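Sharing a structure, written as structure tokens. Questions coming.
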Amino acid sequence: MITLSKVSKTYQDGRPNAFQALKAVDLEITPNQVTVFTGPSGSGKTTLLSIIGCLARPSQGRIHIDGQEISSLPERFTAQVRRRTFGFVFQHYNLIRGLPVIENVMIPAYPEGVSPRELRSRAAALLDQLDLTDMKHQSVELLSGGEQQRTAIARALINDPSVLIADEPTAHLDSHLSASFLTIIERLKIQGRTVLIASHDPLVYQSAVADRCVELQDGCVRTDS
Amino acid sequence: MIWINRQRYYLDFILSSLGRRKWKNASLICVYMLVVFLISSMTFLAGALRREADLLLHESPELIVQRMIAGRHALMPVDYIADIETIRGIQKVIPRLWGYYFHPASGANYTLMAPEAFQHDDAKVVIGAGVMRTWDPGPTGTLVFKSSKGGTVELAIAETFESQSDLVAADLILMSAATFRQITGVAPGWSTDLAVTVRNPREIQTIANKIVDALPDARPILKSEIQRTYAAVFHWRSGYIIVMLSGALLAFVIFAWDKATGLSAGERTEIGILKGVGWDTTDILMIKFWEGLVISLTAFLGGTILAYGHVFFTSAFLFSHALKGWAVLYPEFHLQPFVNIYQLAVLFALTVVPYTFITIVPAWRAAVTDPDTVMTQG
């Protein structure tokens, strides 16, 4: 269970160009569900995901994961929480160019120091599940958009996180690939993972896979259904 | 085991990362290697020359007495031996005959010496193996000298000898005292200098003072003084080279700093991605440490191996004029390969350690960036 209590985030705090992206958000994320955050650009979706995923710290408020307060942990521990609890699929995928698919997938696990054999077999299994086995030695910039996204999903799952966070996952995909993405999300949900998606794509927030839809506007929760 | 696996992953990642930016890194390694090569060449050459000097002096007597006239080294009357032998503590005094001989055909200056116990007759010489390289004895196997009176003296080569020091083997010709006097014109009753052996080496300075008291025109030279002089000369020459190289060294430091601090946009993006997927600042610093170590070790190994070849296989053709001094006159000699752990440790400390650590600072500045930048970068 992830709980946000009065979470606010202000960028450039104390400066004339200060911008408050989130305003005292209270939220409880139910485990094993797909939660979609919607809202127009600038509504705070990406900021909210960054804060939940320990990529950024809230300016105010607290975040608890399974009862443990994480918003004030030192960087070393938040990195560990981020690595072990969350898997990220970024909007632009952010794969490392020049590296083959399998190495991109394994990167988040390097600091864990698992044995190379185990890590390779884990990565190979994920690539197999996502139909990327034939491409595992190919450099990522040679992949199509859908293949890059599936590589990013495999990378997000390499440490077997309980929560998958995806930011605008269908922004660069056509409707066919978007449907494939939702199929993958469905499988992850069946596996018992919690999925958090920020999207303003109706195909995502109106799909049957979404258990809950939270609409944000101007940094506040507008509707929660 | 976890720690070892982690370091292995970091090293793998860095090696592929270096490969992805191969031109930038190749240019850095080349310049770095050049600087290591220059510094190592100078260190190896100065060290090898000092060692040659030590080898030369190893067998030389503890005390040599020369005669000075008008501030110059003059021939020594053998009669002085009797005066010196009266000084208490002296074991033995031997007159030495040695000098230089310029051979116009080979354009080289050779050292002639008449050892006390020369084993062959007056018509024979024993030469260093290196003499054969420059003075062609021809099919007769003889060396022809000009005598001091104007005639020629033809001497057969009885044998050649090897030496630990090529400096000795390259120019030394041994002959009988009579032949030496015939070629050089040193008259009987005179010698070049005197080699003095003392019973107690700790009294050598006192004995030297007594010799000067007894023979005011004598100049005693202690072996330790010669060693100090050689060391000072080579240190001074090394310093001279360092001054010449300091410009190149400074240019390299600026270059390395620029390369190391100027993380490209691609490198910054990569650091952002790594932090985004769960790496922390320490992990980033660790890969940058490995990167610096790989670059500097490659340059160090390449530079020192090239320097070794340059100094010991090509006789340090780049620096020999500055460092060998008078020894650049013929005959040429090859330095015996000699590198000690201390030299390598100093070179390592001067080249690898600073680079490895200066790369950490800019990496740290990039590594402390908030990981949420990865959410917005495309």
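When reading the values below, keep in mind they use all heavy atoms of this one structure, side chains included, and skip hydrogens, waters and symmetry mates. Note that the coordinates shown come from a computational prediction; the quantities given were computed from them, not determined experimentally. In what follows, chains are A, B, ... by sequence order, proteins preceding strands, each numbered from 1.
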key: Salt bridge present between B:Lys275 and B:Glu270 (N-O < 4.0 angstrom)   = no
Side chain / backbone / both / neither for B:Ser17 at chain A, heavy atoms under 4.5 Å =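 For B:Ser17, neither part sits under 4.5 Å from chain A.
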key: Heavy-atom contacts under 4.5 Å, residues 34-43 of chain A to chain B   = none
query = Is any NZ, NE, NH1 or NH2 atom of the basic residue among B:Glu267 and B:Lys288 found under 4.0 Å from an Asp or Glu carboxylate oxygen of the other?
reply =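 Looking at B:Lys288 together with B:Glu267, the answer is yes, because their closest N to O distance falls below 4.0 Å.
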query = For A:Leu95, is it the side chain, the backbone, both or neither that has a heavy atom under 4.5 Å from a heavy atom of chain B?
reply = backbone
task = Identify whether the distance between the nearest side-chain nitrogen and carboxylate oxygen of A:Arg84 and A:Glu112 falls below 4.0 Å.
result = yes
query = A:Arg155 versus chain B, heavy atoms under 4.5 Å apart: side chain, backbone, both or neither?
reply = side chain
task = Would you kindly say whether A:Ser144 and A:Glu147 are connected by a side-chain donor-acceptor distance under 3.5 Å?
result = yes
Ionic contact status for A:Glu69 with A:Arg62, cut-off 4.0 Å =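 Between A:Glu69 and A:Arg62 there is a salt bridge, with a charged N closer than 4.0 Å to a carboxylate O.
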query = Pick from B:Tyr10, B:Phe13, B:Tyr9: which one has the most heavy-atom pairs with chain A under 4.5 Å?
reply =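 Most heavy-atom pairs within the cutoff with chain A belong to B:Tyr9.
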request  = Pick one of side chain, backbone, both or neither for A:Val114, based on which atoms fall under 4.5 Å of a heavy atom in chain B.
outcome  = both
task = Anything under 30° is parallel, anything over 60° is perpendicular, the rest tilted; go ahead and classify A:Phe86 against A:Phe88.
result =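 The arrangement is tilted - the two ring planes meet at 30° to 60°.
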message = Is the ring pair A:His172/A:Tyr93 parallel, tilted or perpendicular, if the boundaries are 30 and 60 degrees?
response =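 A:His172 vs A:Tyr93 ring planes: perpendicular.
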note = Checked A:Arg97, A:Glu168, A:Met106 vs chain B; the most non-hydrogen pairs under 4.5 Å come from A:Arg97
key: Stepwise side-chain hydrogen bond (donor to acceptor under 3.5 Å, both in side chains) check, A:Asp26 with A:Ser5   = CA-CA 5 Å; A:Asp26 289 309; A:Ser5 314; 5.0 Å; no
ask   = Under 4.0 Å between a Lys/Arg side-chain N and an Asp/Glu carboxylate O for A:Asp128 and A:Lys136?
value =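 Salt bridge: no.
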